[in-house]
Amino acid sequence: MSRLAVDLARALDPVQLASGIGMDPDPWQAEVLRTDHPRLLLNCCRQSGKSTTSAVKATHVAVYEPGSLTLLLSPSLRQSQEVFRKVTAVYRSLGRPVPSESENALSLTLENGSRIVSLPGTEGTIRSFSAVRLLVVDEASRVPDETIAAVRPMLAVSGGQLVALSTPWGRRGWWFEAWENGGAVWKRVRVPASECPRISPTFLAEERAALGEWFYRQEYDCAFAETSAQLFTEEHLRAMYDARVRPLFPTGA
Ligand SMILES: Nc1ncnc2c1ncn2[C@@H]1O[C@H](COP(=O)(O)OP(=O)(O)O)[C@@H](O)[C@H]1O
Ligand SMILES: [Mg+2]
């Protein structure tokens, strides 16, 4: 194929772009790369390839949609740096298909006017962005509700796409709420470890033994277990507040 033909194929199909870095996307990864559904929730196990998929999708948008802004949001600075390293790795391994104007630890600006910016969810400057074409939230269950509330309006005018990928982290927070009660505006994709071709049953058996059932189900089986900080289960707590039980020391009496 000529260079032009390759470029055209990649422009039309992000999965072709992934092949360009030697990645053969799993079916769910191909779906995430290709879809333009405006609201996506990915409940994926640890090590399934969330960050890698985000990096490829971000690079595709930046390279083939001139002037676009992609924001990658993570719970901490360390995680923002890690996701962004994946973006630069993808971009470089493709041979910098559009030259860059500037490249640093957390952002890439291309000569076609596109930008990819990676930010920790705690970052105050987050509010200064607008007209976001693609907002990727990595480890979304750990990104605070306030941060999401601050960034969602940035998608409004631009009709941008929100892709939130995570491993569950208890039964609380915006990502859990969206998954459980968010209704039909969201498209949901679930990827337990048993469906990841790179994670062996032997490894999973070891993890199950080492972590115990509770952690195992959360980390590898997409389960919304009660929060790790909670000593009692939700059921226990509800029982404690049984309305029929009279308080021993009524207050305000
Ligand atoms: N489709 C794929 N083919 C081969 N390796 C992959 C694929 N998807 C992810 N990986 C590899 O799996 C590992 C975990 O990926 P990562 O994106 O960090 O996962 P997560 O963010 O879900 O924990 C990385 O080494 C990554 O390169
Ligand atoms: Mg990751």
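No experiment lies behind these values; they were computed from the predicted model shown. Atoms within a ligand are numbered from 1 in the order they appear, just like the ligands themselves.
Using bins of under 30°, 30° to 60° and over 60° for the plane-to-plane angle, the ring pair Tyr220/Phe203 lands in the perpendicular bin.
With rounding to the nearest 0.5 angstrom, the OG atom of Ser141 is 9.0 Å from the CG atom of Asn43.
Sorted pairs that involve residues 65-113 and meet ring pair (Phe, Tyr, Trp, His ring centres under 6.0 Å), not counting sequence neighbours, are lacking altogether. A ring pair (Phe, Tyr, Trp, His ring centres under 6.0 Å) check over residues 57-83, counting only residues at least two apart or in different chains, returns the pairs His60-Tyr64.
With Leu72 as the fixed residue, the side chain to side chain contact (heavy atoms under 4.5 Å, CB included) test singles out one of Leu135, Leu119, Ile116: Ile116.
Excluding water, every protein N/O/S atom under 2.8 Å from the Mg ion (ligand 2) is given here by residue and atom: Ser51 OG.
Electrostatic pairing of Asp13 and Arg34 counts as a salt bridge here, judged by a charged N lying under 4.0 Å from a carboxylate O. Glu31 has a carboxylate O that lies under 4.0 Å from a charged side-chain N of Lys187, or vice versa, which qualifies the two as a salt bridge. A salt bridge is defined here as a Lys NZ or Arg NE, NH1 or NH2 lying under 4.0 Å from an Asp or Glu carboxylate O, and Arg217 with Glu213 fails to meet this definition.
Residue-level contacts of ligand 1 at the 4.0 Å heavy-atom threshold are Met23, Asp24, Pro25, Asp26, Gln29, Gln47, Ser48, Gly49, Lys50, Ser51, Thr52, Lys86, Arg198.
Side chains of Asp138 and Ser54: a donor-acceptor N/O pair is absent below 3.5 angstrom, by distance only.
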